[in-house]
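Data first, discussion second: the structure below is written as structure tokens.
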Amino acid sequence: MTRIPKPRLRQLRIVSIAAAGLLTASLLVAPPSSAQVVPAAQAAPAAATNTIPGVDEIVSSPNLRLVTNLPKVAPLDGTNSDLAFQGKYAFAGNYNGFVTYDISRPSSPRVVSRVLCPGSQNDVSVYGDLLFLSTDSSRSDDSCNSEAQGADVKSSWEGIKIFDIKNKANPRYIKSVETACGSHTHTLVPGKDKKSVYLYVSSYSPRATFPDCQPPHDSISIIKVPVKKPTQAAVVATPNLFPDGGFEGSETGSATTGCHDITAYPSRDLAAGACMGDGILMDIRDREAPRVINRVRDTTNFAFWHSATFNNSGTKVVFTDELGGGGAATCNEEVGPNRGADAIFDITGRGDQRKMNFRSYFKIPRVNADTENCVAHNGSLIPVPGKDIMVQAWYQGGISVWDFTNSAQPKEIAFWERGPISNDEMIGGGSWSAYYYNGHIYSNDLFKGFDVLKLSDWRTWPAELVKYKELNVQSQPSYLGGW
């Protein structure tokens with residue numbers, strides 16, 4: 001989600017989960033009682049009829065169904081954000097902290113721990129016994145007891161928090177690293193020696209009145225974390241990705257003052273940066289010195305380059321446009337099919353001569369209500385060998401599964417969505433992240449909580465054979481390695 005510009009270790013509070021609390025959580029699982037399945041023969045036409053579901057009504061194609069939902073519980077009742085996975089666990093970010101779920105039984109996920117540690121967005125990634133949390137709201141200090149404090153105050157803190165999660169029921173906060181302009185998102189990139197892991201920290205919105213976030217801020221921060229000595233984590237580089245300046249901005253497009261998100265493909269030494277007004281392709285063979293080898297812009301239809309996804313062969317990249325910052329109704333006839341959408345690029349050439357060539361746009365083929373925030377957001381590949389298929393969150397536009405094997409003619413093959421939260425006023429909600437992991441789709445809904453869905457489709461069944469031990473979607477794995 002695009003943030004509104006922003007106007008040392010003390011104590012970690014872990015909300016204990018007693019047996020009674022677990023029972024309560026299980027009772028709060030909402031049955032999909034209002035689900036409406038679109039008959040197979042009508043699945044495609046239904047999308048084109050632009051029938052908007054009623055408040056909280058669930059509609060879907062017949063091949064995608066809700067398995068279960070766990071509502072948010074105080075004090076982690078703030079906005080839900082990103083997801084990461086490891087073994088039988090899912091880690092769900094929330095603006096007030098993060099939740100650890102046991103998903104060994106996807107139909108009955110169980111809360112293992114809730115960590116209260118406010119600081120938007122709290123995007124999360126995991127590596128071994130370590131969990132990393134992004135803080136992108138100016139705080140009075142780096143503790144989990146901090147309070148909001150203006151970015152114009154020199155002592156204010158933003159950056160990365162590191163937790164030891166060896167004991168999933170009792171995560172320990174062990175280290176913080178401050179970064180310029182905070183950490184809106186971060187991307188985990190394993191070091192080639194396997195002794196260290198790097199975090200590529202993306203942030204933006206500098207201002208002359210912010211002591212720790214001065215313009216032009218054309219850089220990212222790179223944190224090196226020694227795996228066995230994580231308390232020695234530190235910023236080791238702040239490469240300038242736009243030495244000649246980024247996009248200057250226009251009436252319809254954001255100026256580039258940093259990056260919103262980076263997706264790395266470590267096994268191919270590639271990364272794609274979604275950097276507000278620019279999309280970039282990077283060589284990351286030297287983890288501490290990424291190099292931009294190609295840059296693209298879309299001054300006609302893209303307002304805010306938000307995130308990126310490679311296909312498995314590394315020959316395509318999908319960029320998303322977060323038109324309206326995630327808080328606007330952009331899935332309507334007025335906005336049309338090419339804005340607030342995905343853009344698919346083919347990657348041609350070799351080495352430093354690689355180029356990104358635009359092929360087409362993809363947007364969900366359903367019109368949403370004017371009270372529903374809807375725009376392209378976070379998604380992941382579904383590991384189907386020989387095919388390019390991904391699942392993607394669209395906020396209140398729901399969850400879409402689409403095929404871009406033919407990059408010039410992408411097509412939706414499944415969808416699932418809830419109706420608007422309100423017919424009378426805009427209330428932000430919907431799926432922030434929708435990711436495929438070991439047989440199921442997991443979604444973190446801003447308003448409704450943690451959703452588990454099951455995709456049953458002959459085109460995606462080979463993905464059932466792929467099992468990951470760990471998944472951070474912005475550190476993209478090669479799924480052939482999962483066979």
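Using a distance-only test at 3.5 Å, with no hydrogens or angles considered, no donor-acceptor pair links the side chain of S475 to the main chain of A264. Without hydrogens or angle criteria, S254 side chain to A303 main chain gives a donor-acceptor distance under 3.5 Å. A distance-only check finds a donor-acceptor pair linking the side chain of N69 to the backbone of K448 [under 3.5 Å]. With N373 contributing its side chain and G429 its backbone, the two residues share a donor-acceptor pair below 3.5 Å. Distance alone, capped at 3.5 Å, is enough to place a donor-acceptor pair between the T256 side chain and the G277 backbone. A donor-acceptor pair under 3.5 Å links the side-chain atoms of S113 to the main chain of K168, judged by distance alone. In terms of modelled atom types and a separation under 3.5 Å, the side chain of D129 and the main chain of I165 share no donor-acceptor contact. Looking only at distances, a side-chain donor or acceptor of T320 sits under 3.5 Å from a matching main-chain atom of S307. With hydrogens and angles ignored, the 3.5 Å screen pairs a side-chain donor or acceptor of E470 with a backbone N or O of G128. Formation of a donor-acceptor pair under 3.5 Å by the N472 side chain with backbone atoms of V126 is found in this model.
In this structure T348 satisfies the side-chain hydrogen bond (donor to acceptor under 3.5 Å, both in side chains) test together with N357, sequence neighbours excluded. Scored by the side-chain hydrogen bond (donor to acceptor under 3.5 Å, both in side chains) test, K224 finds no partners at all (sequence neighbours excluded). With sequence neighbours excluded, no residue forms a side-chain hydrogen bond (donor to acceptor under 3.5 Å, both in side chains) with Y101. Evaluation of the ring pair (Phe, Tyr, Trp, His ring centres under 6.0 Å) rule for Y435 yields no partner, not counting sequence neighbours. Taking R359 as the reference, D346, S407, A408 meet the side chain to side chain contact (heavy atoms under 4.5 Å, CB included) condition, with sequence neighbours excluded. Judged as a side-chain hydrogen bond (donor to acceptor under 3.5 Å, both in side chains), and not counting sequence neighbours, the contacts of Q392 are D342, W402. In this structure Y127 satisfies the ring pair (Phe, Tyr, Trp, His ring centres under 6.0 Å) test with no other residue, sequence neighbours excluded. With sequence neighbours left out, W305 forms a ring pair (Phe, Tyr, Trp, His ring centres under 6.0 Å) with F302, F319.
Counting heavy atoms from C-beta outward, W394 and H377 have side chains that stay 4.5 Å or more apart. Side chains of I347 and L281 form a contact here, defined as non-hydrogen atoms less than 4.5 Å apart. With a 4.5 Å cut-off on side-chain heavy atoms, N80 and W432 do not count as touching. Between P109 and Y442 the shortest side-chain heavy-atom distance does not fall below 4.5 Å. A 4.5 Å side-chain heavy-atom check between K454 and P106 finds every atom pair outside the cut-off. With contacts defined as side-chain heavy-atom distances shorter than 4.5 Å, the pair H306/N378 qualifies. Using a 4.5 Å heavy-atom cutoff, the side chains of L70 and V111 are in contact. Side-chain contact check for C275 versus R295: every heavy-atom pair is 4.5 Å or farther apart.
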Does the salt bridge (charged side-chain N to carboxylate O under 4.0 Å, His left out) test come out yes or no for D164 and R172, once each step is laid out?
CA-CA 5 Å; D164 183 321; R172 295 187 303 112; 3.1 Å; yes
request  = Would you please test N312 and Y265 for side-chain hydrogen bond (donor to acceptor under 3.5 Å, both in side chains) and show each step?
outcome  = CA-CA 9 Å; N312 189 56; Y265 201 160; 3.3 Å; yes
Practice problem: Before giving the answer on side-chain hydrogen bond (donor to acceptor under 3.5 Å, both in side chains), spell out for D136 and S134 the whole-Å C-alpha distance, their side-chain angles and the decisive distance to 0.1 Å. | Solution: CA-CA 6 Å; D136 192 41; S134 282; over 6 Å; no
Item checked: side chain to side chain contact (heavy atoms under 4.5 Å, CB included) between N122 and T135, worked out -> CA-CA 6 Å; N122 278 341; T135 300; 4.3 Å; yes
CA sep, side-chain torsions, deciding dist, call: S107, T68, side-chain hydrogen bond (donor to acceptor under 3.5 Å, both in side chains) | CA-CA 6 Å; S107 61; T68 193; over 6 Å; no
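Atom-to-atom distance recorded for F242:CZ and D278:CG is 4.5 Å, nearest 0.5 angstrom. Remark: H184 NE2 to S203 OG distance equals 9.5 Å, nearest 0.5 Å. The SG atom of C181 lies 11.0 Å from the CZ atom of R207; values are rounded to the nearest 0.5 Å.
Under the salt bridge (Lys or Arg N to Asp or Glu O under 4.0 Å) criterion, the residue pairs touching residues 180-193 are K192-D269, with sequence neighbours excluded. Annotation: salt bridge (Lys or Arg N to Asp or Glu O under 4.0 Å) contacts involving residues 379-389, sequence neighbours excluded, comprise K316-D388. For residues 236-247, there are no side chain to side chain donor-acceptor pair (under 3.5 Å) pairs, not counting sequence neighbours. Counting only residues at least two apart or on different chains, the salt bridge (Lys or Arg N to Asp or Glu O under 4.0 Å) pairs with a member in residues 87-109 are K88-D102, D102-R110.
Applying the side-chain contact (heavy atoms from CB on, under 4.5 Å) test between Q474 and each of V189, T309, D123, D82 identifies D82 as the sole match. Put simply, the residue from L455, L66, V391 that forms a side-chain contact (heavy atoms from CB on, under 4.5 Å) with I399 is V391.
Side-chain contact check for N145 and S143: no donor-acceptor pair (N or O, by modelled atom type) lies under 3.5 Å. T179 and S221 share no side-chain donor-acceptor pair at under 3.5 Å. Between the side chains of Q476 and T263, no donor N or O sits under 3.5 Å from an acceptor N or O.
Considering every non-hydrogen atom in both L453 and S443, the closest pair reads CD1-CB, 4.3 Å. Residues F132 and H186 share a closest heavy-atom pair of O-CE1, 3.4 Å. Residues P206 and P216 come closest through the heavy atom pair CG-O, 3.9 Å.
The neighbour count for R285 CZ, taken as heavy atoms of other residues, nucleotides or ligands under 6.0 Å away, does not exceed 12.
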